[in-house]
Amino acid sequence: MPKLTILTAAYGPSATYFHETADSVLNQKLPEHWEMEWIVQEDGCNPALADMLGRYSQAQYEANGLQLGIGNTR
């Protein structure tokens, strides 16, 4: 079964449209027999998105715990 992986690098203080992003990702219609995984990696010393992601059970979440920048976070 093919799997589509969506990786979202995020930074809590700038995540103004995160709910819209989540809605878009989770409302994708995939071809029959495909599956999707959504991985959210948060950059920054003070992770802020864990609670927000609690309502999206489909998301896999990890926080860097350090400010690494967008490239390293991806």
Side-chain angles (χ1 to χ4, degrees):
M1 173 178 323
K3 180 187 278 187
L4 172 67
T5 300
I6 298 173
L7 176 59
T8 303
Y11 178 61
S14 299
T16 305
Y17 299 103
F18 192 80
H19 288 296
E20 290 84 350
T21 300
D23 290 342
S24 177
V25 167
L26 299 174
N27 286 312
Q28 295 299 307
K29 302 298 179 208
L30 299 177
E32 198 171 323
H33 304 297
W34 280 54
E35 62 180 314
M36 179 183 68
E37 67 177 342
W38 182 31
I39 301 169
V40 178
Q41 184 72 35
E42 185 175 4
D43 191 27
C45 298
N46 300 308
L49 298 177
D51 290 338
M52 187 185 301
L53 276 159
R55 71 164 129 168
Y56 303 109
S57 61
Q58 304 92 323
Q60 300 172 44
Y61 170 81
E62 291 291 331
N64 292 347
L66 299 169
Q67 187 78 41
L68 299 177
I70 195 82
N72 288 326
T73 298
R74 271 194 215 111

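Values below: every heavy atom of this structure, side chains too, minus hydrogens, waters and symmetry copies.
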Notebook entry, point to check: Are Gln58 and Val25 close enough, and set up right, to give a side-chain contact (heavy atoms from CB on, under 4.5 Å), and what steps lead you there?
Noted result: CA-CA 10 Å; Gln58 304 92 323; Val25 167; over 6 Å; no
Tell me which donor-acceptor pairs under 3.5 Å the side chains of residues 1-18 have, and how far apart each pair is, sequence neighbours excluded?
residue, atom, partner, partner atom, Å
Thr5, OG1, Glu37, OE2, 2.6
Thr8, OG1, Trp38, NE1, 2.8

Next item on the list: Sequence neighbours left out, what passes ring-ring contact (aromatic ring centres under 6.0 Å, His included) with Tyr61? Give chain and number order.
Entry: none
Note to self: Please list all pairs meeting side-chain hydrogen bond (donor to acceptor under 3.5 Å, both in side chains) that have one or both residues in residues 63-74, counting only residues at least two apart or in different chains.
What the structure shows: Gln41-Asn64, Asp43-Asn64, Asp43-Gln67, Asp43-Thr73, Asn64-Thr73
Margin query: Applying side-chain contact (heavy atoms from CB on, under 4.5 Å) to Ile39 and Glu62, what does each step give before you reach the verdict?
Written below: CA-CA 8 Å; Ile39 301 169; Glu62 291 291 331; over 6 Å; no
